[in-house]
Amino acid sequence: MTAPHRWSEETLARARDLIARYPERRSALMPLLYLAMAEEGHLTEAGMETVAELLGITPAQVLSVASFYTMYKREPVGRYLISCCTSISCHLLGSDELLAAIEDEAGVPAGETDPDRLITVESVECIGACGGAPAVQVNYETVEGVDPEAGRELVRWLRKARPEVIVADELQTLFGGRTGFDWAIPDDEGAVGPYPAFGPLGTAGRES
Amino acid sequence: MNETRLVTRRMADHPADSHTIERYEATGGYSQARRSLQMGRERLVELVKESGLLGRGGAAFPAGMKWSFLAPARPAYLVVNADESEPGTYKDRQLLERDPHQLVEGIIIAAVANEVHHAFVYVRGEYARPARRLQRAVEEAYGRGYLGKDIFGSDYDLEVVVHLGAGAYICGEETALLNSLEGHRGEPRLKPPYFPAATGLYGKPTIVNNVETISNLPHILELGADGFRKLGHPEDTGTFLFSVSGHVRKPGNYELPHGITWRELIFEVAGGLREGRTLKCWIPGGASAPWFVPADHLDLEITKDATGRAGSMLGSGAVVVMDDTTCVVRAAQRIVRFFAHESCGQCTPCREGTSWLEMILGRIEEGAGREVDVDVLLDVADNISVGLAWPPRMTTICPLGPSAVSPVSSITRYFKDEIMAHIHQAGCPLR
């Protein structure tokens, strides 16, 4: 057995803060699983053991929950996770062709990661962007109205620019088309890894 | 046809900053939350009952009645369902991103009405940006003393926690959501005994309301029950957010009163179909709903009851429009695949049945279908949802299984010739 990865003091403090928000400790399990992913890039056994220890439950209980939800990645994924929606509304407007273009440009089929560990492509169910179909997410930041050629450009851009932070508005400007509603308000926060960027988890980017 | 804007008013009038607390307060925001503290539980429950507000998450249950069922034991909890995942639905995302303080004010009102001091908003994991916007609004509200200890200088405490899901459609089902929030697998609970109003979060009385439902509350306080009722249809009060998608010229979220027709919604509001295309069918209320066809349903009034009598539901308000280029077998298979993927696996008819439906539709679409396959499909479907009845006669813990039957019952009913053509031509006749 390898030595377990030690969480940074900052992350441990965040974990304690999250636990304190809930009337019962175990409710912090989902946010803590995201913290574990942010620490190591994906959910490792050591990460799940740490979560179990912090919550006073067993690693098996943690695994039982982690394995239920698709966003907890228990295998390594690329720095950029491209999630292509192929549910009904996106399907009607060409998501299969878009997925094929992205797979082809990335050089990997859905569900796999390129050899550089830079890009993972996946086919996902509805991401709530149906009015701007077909839509994709990069590290859970949404781009709407993406045609196959724009999908290819997105992959090429990720490879070339290697952005530190994935910002939805930037992606939308560069690669998007029609949106389901007027986004109106630009956002400069974004994702720094293949997990959702959300303040209390400490992952929102471009913070000064 | 113009929209009747209530919950989307501020974002339309002030697109650049409708999400900020400054704009929210400058346009009258948080005055109804203050008022709610003077009103107390009884008057608030009565007001919401009189307003006729129906839940906007899909089940259309009367919101005031739900509140009145809350068991007397305390603590009680409020959980806002922002796990918007019904394929075709993206209205709550817009409310979260564009007017998060409206939701926070609604939460305060709902909390006071139900004597709740700890509320949770369960946002689907894929909604990172909407969750950030809401979190910022919550922090701003804490900063001004509208959340936390002694809100608005009263002696009322209210904590609000924004909780991120992790990619499981089933967590939109309220008891699955509660399990998930407790740190368990998102598996629905058996009702009875687990009606949330009696035995909810941590076994305590709990109100679970959808984002749009809660966002309506400040307006109901402002307009009064009569003013709110007047905006809508007599049976279906207030406004309703329709998420229109698919083969229309102008997909979008449209806030409208009930009582217009499908023809008006699809051809006027959403701009009709693209050049040279004709309407083949549409899903009136999210992927779970049985489909409608132009010959039978175009001039129906859009209300909960009229849609129910015609054998479907308004559900989450997601209208998915398909034109004549659509292969209905492929479309149905895509929807069934969704439910097969999202089945939690507790109930055998759903766990096994949804996968079989997906496989059989898949082989028909690929040209490997057999003459008996329509009967096999209907037999499997009947094992999930007895008699293919709508509303379903529940033989599973939750409605996910019967939802997967909707596209199958729809295409076998309206498009049997197209299914048989796939089988006889050993492939899709539309390609």
Side-chain angles (χ1 to χ4, degrees), chain A residues 21-31 33-34 55 57 61 64-72 83 86-93 124-133 137 139-142 168 178 180-185 187 189-191 195-201 203-204, chain B residues 11 15-19 75 84-90 93-94 97-98 118 124-129 131-133 135-136 159 161-169 180-186 202 243-247 251-253 283 287 318 320 322 326 330-331 334-335 338 341-342 344:
Chain A
R21 289 166 183 240
Y22 296 92
E24 294 191 10
R25 235 179 150 71
R26 185 166 171 160
S27 279
L29 177 50
M30 293 183 75
L33 287 172
Y34 281 130
L55 295 177
I57 57 179
Q61 288 173 308
S64 158
V65 172
S67 61
F68 187 84
Y69 301 92
T70 53
M71 290 171 65
Y72 297 129
S83 310
T86 53
S87 265
I88 183 68
S89 301
C90 285
H91 164 68
L92 292 173
L93 290 165
V124 296
E125 298 294 355
C126 187
I127 53 176
C130 322
Q137 291 192 317
N139 294 349
Y140 303 104
E141 299 298 314
T142 303
R178 182 206 287 277
F181 56 85
D182 181 4
W183 289 12
I185 306 149
D187 214 350
E189 283 184 312
Y195 37 83
F198 176 58
L201 304 175
T203 59
Chain B
M11 64 184 80
D17 62 356
S18 60
H19 63 308
E84 178 172 71
S85 332
E86 179 76 17
T89 319
Y90 54 100
R93 180 176 148 225
Q94 183 170 355
E97 286 191 18
R98 302 290 308 280
H118 215 137
R124 67 177 299 192
E126 295 88 342
Y127 278 10
R129 176 185 168 116
R132 288 197 296 271
R133 286 268 165 83
Q135 179 67 30
R136 211 170 305 146
E159 302 296 333
V161 176
V162 182
H163 183 96
L164 218 51
Y169 165 77
S180 181
L181 189 51
E182 287 182 12
H184 295 277
R185 295 162 70 88
Y202 313 122
S243 294
V244 186
S245 68
H247 294 141
N253 287 324
I283 310 174
V320 183
M322 300 180 233
T326 310
R330 207 169 153 88
R334 201 48 70 104
I335 295 172
F338 170 81
H341 182 259
E342 301 297 338
C344 83

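Note on naming: letters A, B, ... go to the chains in the order of the sequence lines (proteins, then strands), and numbering restarts at 1 for each one. Predicted model, so just to flag it, every value in this text is computed and none were measured.
Between A:Ile185 and B:Ser18, some side-chain heavy-atom pair lies under the 4.5 Å cut-off. Residues B:Met11 and A:Asp182 fail the side-chain proximity criterion, which asks for heavy atoms closer than 4.5 Å. With contacts defined as side-chain heavy-atom distances shorter than 4.5 Å, the pair B:Glu126/A:Val124 does not qualify. When side chains are defined from C-beta on, A:Arg26 counts as touching B:His184, because their heavy atoms get closer than 4.5 Å. Residues B:Arg330 and A:His91 meet the side-chain proximity criterion, which asks for heavy atoms closer than 4.5 Å. Using a 4.5 Å heavy-atom threshold, the side chains of B:Arg185 and A:Ser67 count as touching. A heavy-atom distance below 4.5 Å is found between the side chains of A:Leu92 and B:His247.
Proximity to chain A (any heavy atom under 4.5 Å) is restricted, for B:Thr326, to the side chain, taken from C-beta onward. Contact of B:Leu164 with chain A is made through backbone and side chain together, with heavy-atom distances under 4.5 Å. Contact annotation for B:Val320: only side-chain heavy atoms (C-beta onward) come within less than 4.5 Å of a heavy atom of chain A. Contact annotation for B:Glu159: neither backbone nor side-chain heavy atoms come within less than 4.5 Å of a heavy atom of chain A. Contacts of B:Gln94 with chain A are made by both backbone and side-chain atoms, with heavy-atom separations under 4.5 Å. Heavy atoms of B:Tyr127 lying under 4.5 Å from chain A belong exclusively to its side chain.
Distance alone, capped at 3.5 Å, is enough to place a donor-acceptor pair between the B:Arg132 side chain and the A:Ala197 backbone. Remark: side-chain polar atoms of B:His118 are not paired, donor with acceptor, to backbone N or O of A:Tyr22 under 3.5 angstrom.
Interface summary for chain B: among A:Ser83, A:Pro31, A:Ala28, A:Ser64, the most heavy-atom pairs under 4.5 angstrom belong to A:Ser64. Your options are B:Gly252, B:Ser243, B:Gly88, and the one with the most heavy-atom pairs under 4.5 Å with chain A is B:Gly88. When the candidates A:Val65, A:Asn139, A:Asp187 are compared by the number of heavy-atom contacts under 4.5 Å with chain B, A:Asp187 comes out ahead.
Side-chain contact annotation: B:Tyr90 with A:Ser89, donor-acceptor N/O pair under 3.5 Å absent.
Minimum interatomic distance between A:Glu141 and B:Ala128 (heavy atoms only, all atoms of both residues): OE2-CB, 3.8 Å. Nearest heavy atoms, B:Ala168 versus A:Phe68: CB-CE2, 4.1 Å. The shortest non-hydrogen separation linking B:Ser245 to A:Gly131 is CB-N, 4.2 Å.
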